[in-house]
Amino acid sequence: MSTIEKIQEELEVLLKGTREHEIVLYNDDVNTFDFVIDSLVAVCDHTLEQAEQCTILVHYKGQCAVKTGEYKDLEPRCSKLLELGLSAEIV
């Protein structure tokens with residue numbers, strides 16, 4: 001096995017070990033579009049365009065994955081969204 005193949009194999013093992021999670025935002029009848037957009041920009045570091053698109057998806061589809069990453073990064077973000085009165089969970 002060549003050095004490059006060995007390094008690639010090790011990298012694949014590391015990537016498999018890092019399980020990605022998502023924050024899923026759910027639709028509600030309480031919060032306004034502007035509030036949800038502002039929240040996604042502030043909490044999830046979305047651009048204005050990203051936040052608008054996610055908000056539209058949540059409205060019409062009922063939910064949208066708004067942030068992907070490691071659990072330890074997503075947990076405080078999800079908690080903040082919940083504190084703001086949004087419906088979200090980490091999956």
By side chain to side chain donor-acceptor pair (under 3.5 Å), which residues pair with D38, not counting sequence neighbours?
none

N27 meets the side chain to side chain donor-acceptor pair (under 3.5 Å) criterion, sequence neighbours left out, with none

To the nearest 0.5 Å, what is the distance between NE2 (H46) and CD (E52)?
12.0 Å

If you link ILVMFWY side chains whenever their heavy atoms are less than 4.5 Å apart, which other residues fall into the same cluster as L84? By chain and number, please.
I23, L25, F35, V36, L40, V43, V58, V66, Y71, L74, L81, L86, I90

Looking at L57 and C64, what are the two nearest heavy atoms and their distance?
CD1-SG, 3.9 Å

Output for pair (E22 CD, C78 SG), nearest 0.5 Å, gives 12.0 Å

Quick check for you: to the nearest 0.5 Å, what is the distance between H21 atom NE2 and K72 atom NZ?
11.5 Å

Among Ile, Leu, Val, Met, Phe, Trp and Tyr joined by side-chain contacts under 4.5 Å, find the other residues sharing a cluster with V24 and list them by chain and number.
Y26, V91

Give me each pair satisfying side-chain hydrogen bond (donor to acceptor under 3.5 Å, both in side chains) with a member in residues 53-65, each pair once, sequence neighbours excluded.
none

Residue pairs, two or more places apart or on separate chains, that pass salt bridge (charged side-chain N to carboxylate O under 4.0 Å, His left out) and touch residues 74-91:
D45-R77, D73-R77

